[in-house]
Protein chains: 2
Amino acid sequence: MEPLTTEQKIIEAASKLFSRKGFAATKTREIAEEAGINLALLNYYFGSKENLFKGVVKEKLRMLLEAMIPILSDAKVPLDQKIATIARNYTKLLLENEELPIFILNEWSVNKELFVDITRNARLFTMPVIQEQLKEKGITTNTADFIVNILGLVMFPFVAKPMITSSGLVKEEEFADFVKRREGNIVEWINKINA
Amino acid sequence: MEPLTTEQKIIEAASKLFSRKGFAATKTREIAEEAGINLALLNYYFGSKENLFKGVVKEKLRMLLEAMIPILSDAKVPLDQKIATIARNYTKLLLENEELPIFILNEWSVNKELFVDITRNARLFTMPVIQEQLKEKGITTNTADFIVNILGLVMFPFVAKPMITSSGLVKEEEFADFVKRREGNIVEWINKINA
DNA sequence: GTCTATAAGGGGATAGAC
DNA sequence: GTCTATCCCCTTATAGAC
């Protein structure tokens, strides 16, 4: 258990605050305070607020995509197992990082230029693999719907959490159980949709 | 076709900019310029940036909820028709206001206090009605899942649009057709899930 | 590498003339 | 109701001592 370096302390503080409040609402002074370091050090290590933000976004986006891309694009993994694994990965990841999807999707929506940079040269989804696997099983659902349905069923509860809880649909303290129960149902739901 | 009043011009400009960029990233000077009015008038009419923002959020939230609450809570409307109507309402509304759900859900996540105010005294969903209707039809899916599934299947494509299009999953110019095709499938999908 | 001090400008808000 | 001019705080960023 090494103590964190100054650079790591800044990254962690920035990651936490940017995720919660977005770029514009987060002040460099807050990041410095949260990290327990001096404001000048932030610029010493990262040059600018924007540069630090890009680093955070890149890392968060990586987390979000790694729970999905390698699995979807592996032709050796059968469809059922893909669905189950993605549901499991995301439920775990998002329970530990509840703001992750709304943060990334919102920043992507607000600041598209930033993501052009980051996702350039990176084909995010490997559609051909899924397309082939759907065809093999005689499923007529198109590929985009197949993927969007899985992601929607798994991620949407986290994206809409404030609405879901404050409406009384699911109580805040039952939310974790709610999404874990859903995780167990996703494969079945998706298979029924595709039947 | 009356010309817009100054107040309306400010509201429209604010609505557009807040929706696209969020509260913190939107400058009052930009709003004034977009509205073609003087900065001082913004404060003359609305008192403060925050107050103007609250007005915009209230209106956007109303749009989002009105496409759902009255239909869900009407015991005379059968389940199938509820699903179809909500799918139709949202697909139309969100095609005309693509940033609406990500804007509201993000601001709700970032600024919960604001929404406590707005949603106080407003039970958003009337779960008992749905619960009863599900029971009548012998469906065992729980109420929260039923509602979250519908909203996820309908709204998620809009929330995740930047990711979906920039990944090549759906081309930008085909996005409208993509969600319209989904609209036609939602009732069937939800019924299969609940079977 | 880390600090203090401060520059430089952006931002919301208002006073007061018209 | 609408404008110009301005206040004043807050923010990012940097210079320079240690």
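Within every chain, numbering begins at 1; the chains are lettered A, B, ... in the order of the sequence lines, protein sequences first and strands thereafter. What you see is a predicted model; the values in this text were computed from it and never measured.
Between A:F18 and A:F53, the ring planes are perpendicular. Angles over 60° get that label, and only those under 30° would be called parallel.
Between A:T28 and D:dA13, a side-chain N or O to OP1/OP2 separation shorter than 4.0 Å is absent. A close approach under 4.0 Å does not occur between any side-chain nitrogen or oxygen of A:T6 and OP1 or OP2 of C:dG1.
The side chain of A:L41 sits closest to C:dC3 out of C:dC3, D:dA13, D:dT2. With C:dG1, D:dC3, C:dT4 as the choices, the nucleotide that has an atom nearest any side-chain atom of A:N38 turns out to be C:dT4. Among D:dT2, D:dA13, D:dT4, the nucleotide with an atom closest to any side-chain atom of A:K49 is D:dA13. For B:Y45, taking side-chain heavy atoms from C-beta onward, the closest of the listed nucleotides C:dG12, C:dT4, D:dG1 is D:dG1. Of the candidates C:dT2, C:dG11, C:dT14, C:dG11 carries the atom nearest the B:K27 side chain, counting heavy atoms from C-beta on.
Among the heavy atoms of the strands lying under 4.0 Å from B:T26 are primed sugar atoms or P, OP1, OP2 only; no base atom is included. Residue A:L39 is in base contact, counting any heavy-atom pair closer than 4.0 Å across all strands shown.
Here the P atom of nucleotide D:dT11 and the CG atom of A:L52 are 17 Å apart, to the nearest Å. For B:N43 and D:dA5, the CG to P distance is 18 Å, given to the nearest whole Å. Between A:Y44 atom OH and D:dA17 atom C1' there is a gap of 15 Å when expressed in whole angstrom units. If you take CG of A:L42 and P of D:dT11, they are 14 Å apart, rounded to a whole angstrom. Separating the CD1 atom of B:I37 from the C1' atom of D:dT4 is a distance of 14 Å, rounded to the nearest angstrom. A straight line from CD of B:Q8 to P of D:dG1 spans 13 Å, rounded to a whole angstrom. Atom P of nucleotide D:dT11 and atom CG of A:L17 are separated by 13 Å, given to the nearest angstrom. Rounded to an integer number of Å, the gap from NZ of A:K21 to C1' of D:dT11 is 13 Å.
Between the base of C:dG10 and the side chain of B:R29 there is no donor-acceptor pair shorter than 3.5 Å.
Distance alone, capped at 3.5 Å, is enough to place a donor-acceptor pair between the A:K49 side chain and the A:T26 backbone.
Ring centroids of A:F23 and A:F103 are separated by 6.0 Å or more, keeping the two rings apart.
For the pair A:K161 and A:F156, the NZ or CZ position fails the cation-pi test of under 6.0 Å to the six-membered ring centre and within 45 degrees of the ring normal.
Donor-acceptor pairing under 3.5 Å is lacking for the side chains of A:N194 and A:N191.
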